[in-house]
Amino acid sequence: MRKLKSVLWTLFVYAAMIVMLYYAFRILVLEVISDNPDIDTFNIVIATLLIIAAITLFQFSSQNVYNSFNDVVKAIFDTNGVTLQEVYDYFKDMETVLGKPWLGKIKTIKGQSIIFGPNEDDEFIYIHGYGNESFFVSFSSSTDFIVAPQKEKWRLKQNNVDIENDIDIIRYKFGSACLLQQLTDRITAFVETKEAETSSLGLGTEEKIYLLYEDFKFTGQNFVLCDVDEKEILGVSSIFPNFTFHIREPEHKEDLFRLKKRFFHIMPHYDFYENGYRTGRIEKKIVFHHTYFAGDTSYGKLELRSMNAMFGANYQVFLNGNQIGTIASNLNINLSNIIFNNFVIAVTDERYRTLMTALTVIAAQQQKSDRENFIEISDGDE
């Protein structure tokens, strides 16, 4: 019955979306071929609103589509009869980078919410129900909307995690950035099977942290990959116009990895070379709501997906559906002895360090392209 309802809802959404788009484009076409030399602004506005409504409706066609469009809100459309209280009872002792969950209220939402946090930056995640049919997992940094019962008011003025060094700060920030999706995955599993993982989230220290500095050269775009002690691990070199990047160990002339940007493609394409052989290709896909690269490699299916909830060129990296690393150009933090304007990389497995370096170069290229496009648009507006 649940699957039938889901299929019927999806069909309804697609039908309504097609109708809206049909009338929107019909209005636009009639306006273009009209003998009237003056454009009817009202018709253009109506057509635009229909297109926006169709795109908005499309987001609700399925849970996966909705969640792919939204970085700060994730949905679980079918609760399978599970209540919010049951979710809280199951996960109440689960440690996360934002602390254990507690029950409170959000001023704009009816009923109770499950709240994780806030942390010292006022970031928190809350889970609330919509009727008895859906759950929404949301990120916010506006603690003014939290209404805490008397026994929980202390949570609004606390630091959830004792952090002793800069590297733990970086891990903490990476953990916070990924927590929303991880919570959604666990709650979805609980809704579907009444069982889910309750181990800690975002508190692990198994990730290796690296810093990628841009080493400015007039002849090309070079980078240096360093460990947390600022010891050089890898060098990345290129010569203008920066279509080929050579990744090498210090004092070595042979490439560990070569990244080559292909010509004559509308969307950016990059080939991977190891030991002289091409081992894969990754390309930018046309996705309106994210910057997204994907491709097949000798490692498996590789995905580079932007995190729009964070400032800067920030990405999660997936291999065969499993996250193997995170790339961030702006963590919104002040470090006591590390100053960087480039990228911080978290790698879950040392085997992927060189691959993650190459993907970070792609992120840097994309960031450079975005900045150039922004400047061109700004100049045009003036």
Is the distance between the ring centroids of Phe263 and Phe243 under 6.0 Å? yes
Run the ring-centre check on Phe223 versus Tyr213 and record whether the distance is less than 6.0 Å. no
How are the rings of Tyr126 and His128 set to each other: parallel, tilted or perpendicular (split at 30° and 60°)? parallel
[X] (side chain) donor-acceptor with [Y] (main chain) under 3.5 angstrom:
{"X": "Ser134", "Y": "Tyr130", "result": "no"}
{"X": "Trp102", "Y": "Gly117", "result": "yes"}
{"X": "Asp227", "Y": "Glu232", "result": "no"}
{"X": "Ser142", "Y": "Asp144", "result": "no"}
{"X": "Thr193", "Y": "Phe190", "result": "no"}
{"X": "Lys284", "Y": "Pro268", "result": "no"}
{"X": "Asp78", "Y": "Glu133", "result": "no"}

Stepwise side chain to side chain contact (heavy atoms under 4.5 Å, CB included) test for Leu211 and Leu225: CA-CA 6 Å; Leu211 310 176; Leu225 183 77; over 6 Å; no
Can Phe77 and Tyr66 be said to form a ring-ring contact (aromatic ring centres under 6.0 Å, His included), step by step? CA-CA 10 Å; Phe77 283 160; Tyr66 181 90; 5.7 Å; yes
Please tell me whether [X] and [Y] have a donor and an acceptor in their side chains that are separated by less than 3.5 angstrom.
{"X": "Tyr270", "Y": "Glu283", "value": "no"}
{"X": "Thr83", "Y": "Gln85", "value": "no"}
{"X": "Arg155", "Y": "Thr143", "value": "no"}

For Val73 and Phe139, run side chain to side chain contact (heavy atoms under 4.5 Å, CB included): C-alpha distance rounded to whole Å, both residues' side-chain angles, the deciding distance at 0.1 Å, then the answer. CA-CA 6 Å; Val73 181; Phe139 169 87; over 6 Å; no
Count I, L, V, M, F, W, Y as connected when their side-chain heavy atoms are under 4.5 Å apart, and connections chain through other members. Are [X] and [Y] then in the same cluster?
{"X": "Ile187", "Y": "Val72", "answer": "yes"}
{"X": "Met94", "Y": "Phe135", "answer": "yes"}
{"X": "Tyr273", "Y": "Leu355", "answer": "no"}

Run the numbers on Ile324 and Val347 for side chain to side chain contact (heavy atoms under 4.5 Å, CB included), then give the verdict. CA-CA 6 Å; Ile324 63 168; Val347 185; over 6 Å; no
Heavy-atom pair with the smallest gap, counting every atom of Glu192 and Asn80: O-ND2, 4.2 Å
Show your working on side chain to side chain contact (heavy atoms under 4.5 Å, CB included) between Leu304 and Ile362 and close with a plain yes or no. CA-CA 9 Å; Leu304 184 65; Ile362 293 176; 4.1 Å; yes
Whether [Y] and [X] form a salt bridge (side-chain N of Lys/Arg under 4.0 Å from carboxylate O of Asp/Glu) is what I want to check.
{"X": "Asp255", "Y": "Arg248", "answer": "yes"}
{"X": "Arg351", "Y": "Asp349", "answer": "yes"}
{"X": "Arg262", "Y": "Asp271", "answer": "yes"}

Heavy-atom side-chain contact between Ile345 and Leu359 under 4.5 Å: no
Tell me every residue that passes salt bridge (charged side-chain N to carboxylate O under 4.0 Å, His left out) with Lys153, counting only those two or more places apart in sequence or in another chain. none
For residues 44-51, please give each side-chain donor-acceptor pair under 3.5 Å, one per line with the distance, not counting sequence neighbours.
unit_1 : atom_1 : unit_2 : atom_2 : d
Thr48  : OG1    : Ile44  : O      : 2.8

